[in-house]
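Below: one structure, written as structure tokens.
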Amino acid sequence: MGTRRGPPAPTTQNGRVREAVTQARRIVVKIGSSSLTTATGGLDDARVDTLVDALGALAAAGREVVLVSSGAIAAGLAPLGLPRRPRDLATQQAAASVGQGLLIGRYAAGFARHRLTVGQVLLTVDDVTRRAHYRNAYRTLRKLLDLRAVPIVNENDTVATEEIRFGDNDRLAALVAALVDADLLVLLSDVDALWTGDPTRPGSTRITEVRGEADLAGVDIGGAGRAGVGTGGMVTKVEAARIATGFGIPVVLTAAPLAGDALAGEPVGTFFHPARRRPAARLFWLAHATAPRGRLHLDPGAVQAVVGRRKSLLPAGITAVDGTFTAGDPVDLVDVDGASVARGLVNYDAVELPGLLGRSTSELAAALGPAYEREVVHRDDLVLL
């Protein structure tokens, strides 16, 4: 989406304004179901209008805005006479089918007041993990922004199965922020910030800034949101912040009613500082946007070589193979305890590997030909987890 100007300048809080926020030109904003709807389902017009007005002001000022919005399933509950969010996938998909139209229609009407057009973009995991689909999603979002439209992104809940779901829109928002090379990700919730514990309990304090994992030590991150209509909680938001900041994108986490203040750079909510060094894009996607198709079990020597010395994985260090995959698929590399230590793109099909295990590449080349004198996973196609 154009050449990035480099990582945002370090955020300075002079008591009033976060400069990394005010200087951001391309912004991804995510809002959850509980911030848009009532507990029984149905869109809350006042809440939608408050959000739209804040984002409309940004777009009118020439800044690019992408909105990742939950709420389709929740919006479909009341029209279908469902008293609460369904547990089974088929009913969730039915509710999403009804609610998605209501959601995008409400956004279209709201942004029209600001003379802005919206475009609906529904994604599944495949759309940001498979290269051809990834390019298509990128081109669509880029063209919408070029045409001064506001992309409204949501998971395609009407067709997504358990195997191809993001699981929550917080992760989706972080991946979209990386996809569009955003300068800022704003996560809007029903809680005003990250707290050291349950904000309703005495002794919990608000965390204003997170510079690294040390700032999260001892933080008690709770479960789902208060309203009970969403799937995300603080756990998913912190993980989304880790993903985005790991790609060099700063993150603001705050409550939906404070969106205007947050986007104006006011020191509300929690600010997550970005990593100083951005990883290679392909390794970022390998770590965060792919689902492993199998597992390779490593002996202790191979774990040390891959993790400690950043070496390629050779057949001699593999003890077992799980899963069904083909060459080029992502697989997890696991240690003797079954814990994933790395993920990489495998150079062999699953059916080929059992006959190669424990053998050196020179031995394999002599017995099977020079095509087998290669790594199972090359170090350039491998990321540590």
Side-chain angles (χ1 to χ4, degrees), residues 28-37 39 51 66-74 85 87 89 92 96 122-125 127-129 153-157 160-179 182 184-199 204 206-207 210 212-213 215-247 249-256 258-259 262 269-272 274-275 284-285 287-291 340 385:
V28 173
V29 177
K30 183 268 176 181
I31 189 163
S33 299
S34 60
S35 299
L36 291 173
T37 61
L51 174 66
V66 178
L67 174 61
V68 177
S69 178
S70 302
I73 293 177
R85 183 185 178 94
R87 294 182 180 275
L89 182 59
Q92 290 177 13
L122 299 177
L123 299 175
T124 65
V125 168
D127 295 318
V128 293
T129 59
V153 181
N154 195 0
E155 180 164 13
N156 195 350
D157 289 310
T161 63
E162 293 292 351
E163 290 77 15
I164 61 171
R165 303 189 80 180
F166 288 96
D168 62 83
N169 272 354
D170 296 310
R171 177 170 174 246
L172 171 60
L175 296 176
V176 166
L179 174 65
L184 176 69
L185 171 62
V186 178
L187 300 172
L188 300 176
S189 175
D190 54 358
V191 180
D192 65 341
L194 176 64
W195 289 67
T196 56
D198 186 336
S204 295
R206 184 167 70 96
I207 300 172
V210 174
E213 288 298 319
D215 292 334
L216 297 174
V219 176
D220 180 17
I221 302 173
R226 297 171 181 169
V229 295
T231 57
M234 199 55 68
V235 173
T236 65
K237 289 166 181 59
V238 170
E239 181 57 30
R242 285 192 180 106
I243 293 172
T245 56
F247 197 65
I249 301 170
V251 177
V252 175
L253 167 63
T254 194
L258 299 176
T270 302
F271 185 89
F272 293 79
F284 170 86
W285 287 101
H288 298 294
T290 60
S340 296
L385 299 179

Are any of the side-chain heavy atoms of [X] and [Y] separated by less than 4.5 Å?
| X | Y | result |
| --- | --- | --- |
| Leu216 | Leu194 | yes |
| Ile31 | Ser69 | yes |
| Val219 | Ile207 | yes |
| Leu188 | Thr254 | yes |

Quick one: closest heavy-atom pair of [X] and [Y], and the distance?
| X | Y | result |
| --- | --- | --- |
| Leu187 | Lys237 | CD1-O, 3.6 Å |
| Asp192 | Arg206 | OD2-CD, 4.2 Å |
| Val28 | Ala173 | CG1-O, 4.0 Å |
| Val252 | Ala262 | CG1-CB, 4.1 Å |

Spell out, as yes or no, whether a donor-acceptor pair under 3.5 Å connects the side chain of [X] to the backbone of [Y].
| X | Y | value |
| --- | --- | --- |
| Ser35 | Ser189 | yes |
| Thr245 | Phe272 | no |
| Arg171 | His288 | yes |

- Query: Which residues satisfy the side chain to side chain donor-acceptor pair (under 3.5 Å) test with Ser204, sequence neighbours excluded?
  - Reply: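 In terms of side chain to side chain donor-acceptor pair (under 3.5 Å), with neighbours along the sequence ignored, Ser204 is linked to no residue.
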
- Message: Under the criterion side-chain contact (heavy atoms from CB on, under 4.5 Å), I'd like the reasoning laid out for Leu184 against Val186: C-alpha separation, chi angles, the key distance, then a yes or no.
- Response: CA-CA 7 Å; Leu184 176 69; Val186 178; 3.7 Å; yes

- Among Val176, Leu122, Leu67, which one satisfies side chain to side chain contact (heavy atoms under 4.5 Å, CB included) with Val153? Val176

- Query: Sequence neighbours excluded, which residues qualify as side-chain contact (heavy atoms from CB on, under 4.5 Å) partners of Ser70?
  - Reply: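 Testing Ser70 for side-chain contact (heavy atoms from CB on, under 4.5 Å), a comparison that skips the adjacent residues, returns Lys30, Ser33, Asn169.
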
